[in-house]
Amino acid sequence: MSDTENRMTIICWSGDLDRVWPQYILATTGASYGMQVTLFCTFWGLFPLKRPEVKITGDNWMTKMLGVANNERLSHLNFGGMGPMMMRTIAGRHNVAPPEELRDIALELGVKLAPCQMTMDLMGLTRDDLIDGIEEPLGAAAAMANMQRSSINLFI
Amino acid sequence: MTDVSKTLDASGLACPMPIVRTRQAIDRLDVGQVLEVISTDRGSLQDIPAWAETIGHKLLDKRETSGRYTFLIEKAVG
């Protein structure tokens, strides 16, 4: 495979559990194909890269409102926050690895997790608020440079 | 009888882990060596052949016995 064919970029826009899961399932699968995989984590998709103890607090009422995204949710059947817990329980019964484990495996396989700098600014997050092992923050242009060299580009 | 160099028991693992573990196991073999993969994930029936064919490895055998799927993959590319 050529260099271009062997790259995959996923724009991770959502932090919903039922989207984060496929983000990491496809990332680890791509890496298993020997692909150079990059996840560009932007908007709500940045939240899974936060250290668990870091909460969005905000410094005015508008940024404080973003704190609702601190709670895990599903895109469908959220049931006021019960949905994610139910889905995790059901997935566990089917031996499906939780997203956190898949994320660690992705990093182990060399998947690049790139946080969006602009989102970090909006949410009031610094590099220290994010987990270890990820790439330096970047912007749309750097993300697109990756996409131009990728045979598979996804927006999830 | 094929000479199996290594057996990977991926029983109990769900998508995408059988493929991830298969990749990691085959990375540790030399070209020409054979990896045996055992999986209980029904998706593996399609996933492992698709993966092997795309990468260029040879799928020598694919068997199903009471919910267990066994694959023999010859590492064909480095």
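So that the names make sense, note that chain A is the first sequence line, chain B the second, and so on, each numbered from 1.
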Quick one: which of A/A97, A/G34, A/A31 has the most heavy-atom pairs under 4.5 Å with chain B, could you say?
A/G34
Is it true that A/W13 and A/M144 fall in one hydrophobic cluster, defined by side-chain heavy atoms closer than 4.5 Å?
no
Show which side-chain atoms of residues 131-139 of chain A pair as donor or acceptor with protein atoms under 3.5 Å away, not counting sequence neighbours.
residue : atom : partner : partner atom : Å
A/D132  : OD1  : A/R51   : NH2          : 3.0

Quick check on A/E108 against chain B: is it the side chain, the backbone, both or neither that has a heavy atom closer than 4.5 Å?
side chain
Run the side chain to side chain donor-acceptor pair (under 3.5 Å) test against A/D121 and tell me which residues pass, sequence neighbours left out.
A/Q117
Treat each ILVMFWY residue as a node, draw an edge where side-chain heavy atoms are under 4.5 Å apart, and state whether B/L72 and B/I26 are in one component.
no
B/K6 atom NZ, neighbour heavy-atom count above 12 within 6.0 Å
no
Are more than 12 heavy atoms, taken from residues, nucleotides or ligands other than A/N60, located less than 6.0 Å from that residue's CG atom?
yes
Could you go through residues 11-21 of chain B and list every donor-acceptor pair under 3.5 Å that involves a side-chain atom there, pairing it with any protein atom two or more places apart or in another chain?
residue : atom : partner : partner atom : Å
B/S11   : OG   : B/D9    : OD1          : 2.5
B/R21   : NH1  : B/Q24   : OE1          : 2.7

With clusters defined by side-chain heavy atoms of hydrophobic residues (ILVMFWY) lying less than 4.5 Å apart, directly or transitively, does A/L74 cluster with A/M86?
no
If every non-hydrogen atom of B/T54 is compared with every non-hydrogen atom of A/Y33, which pair is closest and at what distance?
CB-CE2, 3.4 Å
Using a heavy-atom cutoff of under 4.5 Å, enumerate the residues of residues 31-52 of chain B that contact chain A, numbered in order, or state 'none'.
B/A50, B/W51
Please look at A/L102 and chain B and tell me whether the side chain, the backbone, both or neither of the residue comes under 4.5 angstrom of a heavy atom of that chain.
side chain
